[in-house]
Amino acid sequence: RFIHTVARCKTYPGGPERFPVPDAKVDWKIPFPGYAPVFYEATVVKKKPVWADDPDNTKSITYNVVDSVHKVDRTSAHGPYTVTKEGHPLNPMGRTGIKGRGLLGRFGPNHAADPVVTRWKRNPVTHAVEYDKDGNPILQFVAILRKDCGLWALPGGMVDPGEVASATVKREFGEEALNALELSPAEAETLKGELDELFHPDSAVVAYKGYVDDPRNTDNAWMETTAVSIHDSDGSLLDKFKLQGGDDASEAKWADYHPGMKLYASHTMFMAIAYEYRKRELQQ
Ligand code: RP5
Ligand code: MG
Ligand code: MG
């Protein structure tokens, strides 16, 4: 069974030390006498920004359903999660060593969407697919450098209230990998059309949907995502786009995927799934 580790990192990003949780005590079902995680909510979250729940009005939140009051999907891809008698949702993957929301806005699941945009590495002259020394085709993916932690990652971001994940992946790909927020309204309109084409439902494949082992997760708030795979099978689909980091990404580039490479949160796992899928497709 999967056991989260990044969500138990020693120090919470920009916050306190987590209460140490050994592997054997992650599961809520295992008694852990003396478990005393500190409560932490970042200043940005306490300021009640629009993207965060109001801690003084938690009675209006309905868990395990699409919350119609706030237009927020509170369901988990892993099925119903526990809400304590005090009204605190519990992380479905177990203890993290921190209570409260930390840097996350929502109590319970915080839904994101991640575009996994790939192509085969090709010889620039012959255009033949390139293989590594073990004979495996080399997949390239659009990677961004996260400003918050300095780690390479897939582009991706939070699903806005009322938004659907298929719209979030396009918007976030535009913002983080193409710097769309700096475009003129006319350029943004053109880009929107191009992204609709790139992320057309006929070619988009959901590679993963569920929990993300994110460093911001807590006992009461966690990340879940829909990772959408888009593959440029002949190496020309993405020619019209110029990669440029934007918003919370300082850089964007084509990167070679290597099994086991270090990427943010669970992104290496999403890449592994997309790789196996696209390799099968290539070999068919
Ligand atoms: C990860 O955090 C998700 O996989 C997604 O890539 C990302 C969303 O958060 P922000 O990029 O908006 O910080 O858990
Ligand atoms: Mg973003
Ligand atoms: Mg982001």
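Computed from heavy atoms alone, side chains included, the values below leave out hydrogens, waters and symmetry copies. Indexing begins at 1, ligand by ligand and atom by atom, following the structure's order.
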* Asked: Taking N or O atoms only and a 3.5 Å limit, does G156 qualify as a polar contact for ligand 1?
  -> yes
* Asked: With a 4.0 Å cut-off, would you call R8 and D213 a salt bridge?
  -> no
* Structure fact -> Result for side-chain contact (heavy atoms from CB on, under 4.5 Å) between M158 and one of T168, T225, L104 points to L104
* **Backbone or side-chain N or O of H267 under 3.5 Å from ligand 1 N or O** => yes
* From P155, does some N, O or S atom reach closer than 2.8 Å to the Mg ion (ligand 3)? -> no
* Asked: Can you list the ligand 1 atoms lying under 4.0 Å from a non-hydrogen atom of D214?
  -> 1 (C), 2 (O), 14 (O)
* Asked: Should R95 and D27 count as an ion pair when the cut-off is N to O under 4.0 Å?
  -> no
* So which protein heavy atom does atom 9 (O) of ligand 1 come closest to, and at what separation? -> R216 NH2, 3.0 Å
* Is Y264 close to ligand 1, meaning an N/O of one under 3.5 Å from an N/O of the other? -> no
* To do: Assess R18 against Y12: is NZ or CZ under 6.0 Å from the centre of the six-membered ring, and within 45 degrees of the ring's axis?
  => no
* Taking the minimum heavy-atom distance to atom 6 (O) of ligand 1, which of D114, N110, L103 ranks first? -> D114
* To do: May I ask which of S266, A265, G157 has a heavy atom nearer to atom 8 (C) of ligand 1 than the others do?
  => G157
* To do: Using a strict cut-off of less than 4.0 Å between a Lys/Arg side-chain nitrogen and an Asp/Glu carboxylate oxygen, indicate whether E189 and K192 qualify as a salt bridge.
  => no
* Structure fact -> What one should report as the nearest heavy-atom pair of N217 and W222 is OD1-CA, 3.4 Å
* Structure fact -> atom 11 (O) of ligand 1: of E172, H111, R146, the nearest heavy atom sits on R146
* Asked: Charged N to carboxylate O below 4.0 Å: is that the case for K10 and E17?
  -> yes
* Asked: Do F19 and F32 touch side chain to side chain, with heavy atoms closer than 4.5 Å?
  -> yes
* If Ile, Leu, Val, Met, Phe, Trp and Tyr residues are connected whenever their side-chain heavy atoms lie under 4.5 Å apart, and connections chain through other members, are I3 and Y211 in the same group? -> no
* Asked: Which atoms of ligand 1 sit under 4.0 Å from any heavy atom of M223?
  -> 2 (O), 8 (C), 14 (O)
* Asked: Which N, O or S atom name in E172 marks its closest approach to the Mg ion (ligand 2)?
  -> OE1
* Of all the N, O or S atoms in E176, which one sits nearest to the Mg ion (ligand 2)? -> OE2
* To do: Examine E175 and say whether one of its N/O/S atoms is closer to the Mg ion (ligand 2) than 2.8 Å.
  => no
